[in-house]
Every structure is written in C-alpha cells, then in structure tokens.
Amino acid sequence: MAVTGDETAATGDMPTYQIRAPTTALPQGVVMATSPGSLHSPQQLAEEATRKRELRLMKNREAAKECRRGKKEYVKCLESRVAVLEVQNKKLIEELETLEDICSPKTD
DNA sequence: CACGGCCGGCGTCACTCAAG
DNA sequence: CTTGAGTGACGCCGGCCGTG
C-alpha cells in the first residue's frame, strides 16, 4: 500500500494516532429512534432503541478487538523490520571500516 | 502469605472519516 | 445529512512478580 503523500494514510503502515482530551462525559444511552412507521408506543420505541444500542455495542466490541489485533500485528511487523535494519546497518558499518582500512594511506 | 506495582486485555465512549 | 467502521482514550479487572 502506497502512503499517498499524506503522512497518515491509515493504511496499515501508519495508523492515525490521535491524542484527545477527555471531553465532558455526557450522559448517554440516548439513542434517537428514527420513527419507522411500524413503531408507535413509547414502549416499543424504547425497546427498539435498546436493541439498537446493544447491537452497536456488540459491533464496537468486535471492532475494538480486531483493531487491537491489527495494531499488535503492526507493531510486531515494525519490530522485526527494526531487527532486520539493525543487522543491515551493522554490516554496512563493518564494510565501511574494511574499505577505510584498505584505502587509508599507510603511515609507517 | 499479603501487598503493591506493572502489564495486557477488555468494554465502552467520543470522535473522525468515508460512503451513500 | 446520516450511517457505519475504525480507533484513541479511559477505567476496570485479573494475572504475574518482586518485596517486606
């Protein structure tokens, strides 16, 4: 996946990490039921709202799990990449030292 | 043991963003 | 504008480990 210029393309390689202040905790559980013609009594409306909320929570629960799983995988990926790059870097440094030895004028 | 600190996982809320 | 998916932040809980 090509990160399109945008530094946070949120596509596996660079998740969008955002810091947010803990905004005022509104009381919630308030779900607006967009009155589908078939529902009338407040009772039914409330039940529908509850059902929707539970569904939403369930989906979000699953989404959160998946999100964490993906994040862990992403971090593991980065860590192994770091390991590879460290080895590569070490080799290059060694090579550089060897070449410097070969090329340096002998003083004695 | 009992405890306290640290860590990882979970559920939920609040928010953003893209699609319809 | 509405809706659904994705994700950061927060708080809680249980397990592990070192220390007195």
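Worth saying up front: this structure is predicted, and the values here are computed from it rather than measured. In what follows, chains are A, B, ... by sequence order, proteins preceding strands, each numbered from 1.
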Spacing between [X] atom [atom1] and [N] atom [atom2], to the nearest angstrom:
| X | N | atom1 | atom2 | answer |
| --- | --- | --- | --- | --- |
| A:E66 | C:dT7 | CD | P | 9 Å |
| A:K59 | C:dT3 | NZ | C1' | 10 Å |
| A:R68 | C:dA9 | CZ | C1' | 10 Å |
| A:R61 | C:dG4 | CZ | P | 17 Å |
| A:K72 | C:dG6 | NZ | C1' | 19 Å |
| A:K71 | B:dG9 | NZ | P | 12 Å |
| A:N60 | C:dA5 | CG | P | 10 Å |
| A:M58 | B:dT12 | CE | C1' | 15 Å |

If hydrophobic clusters are built from ILVMFWY residues whose side chains come within less than 4.5 Å, do A:L78 and A:V75 share one?
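In one cluster with A:L78: A:V75, yes.
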Give the intermediate values and the outcome of salt bridge (Lys or Arg N to Asp or Glu O under 4.0 Å) for residues A:E62 and A:K65.
CA-CA 5 Å; A:E62 292 309 307; A:K65 277 184 197 164; 3.7 Å; yes
Quick one, A:L57 and A:R53 - any side-chain contact, counting heavy atoms below 4.5 Å?
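Of all side-chain heavy-atom pairs linking A:R53 with A:L57, at least one is under 4.5 Å.
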If you measure from the Lys or Arg side-chain nitrogens to the Asp or Glu carboxylate oxygens, is any gap between A:R69 and A:E73 under 4.0 Å?
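Here A:R69 pairs with A:E73 in a salt bridge, since their nearest N and O are under 4.0 Å apart.
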Picking from B:dG11, B:dT12, B:dC15, which would you name as closest to the side chain of A:R56?
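Per side-chain heavy atoms of A:R56, the pick is B:dC15.
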Presence of A:R69 side-chain N/O under 4.0 Å of B:dG8 phosphate oxygens OP1/OP2:
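Negative; the distance criterion is not met.
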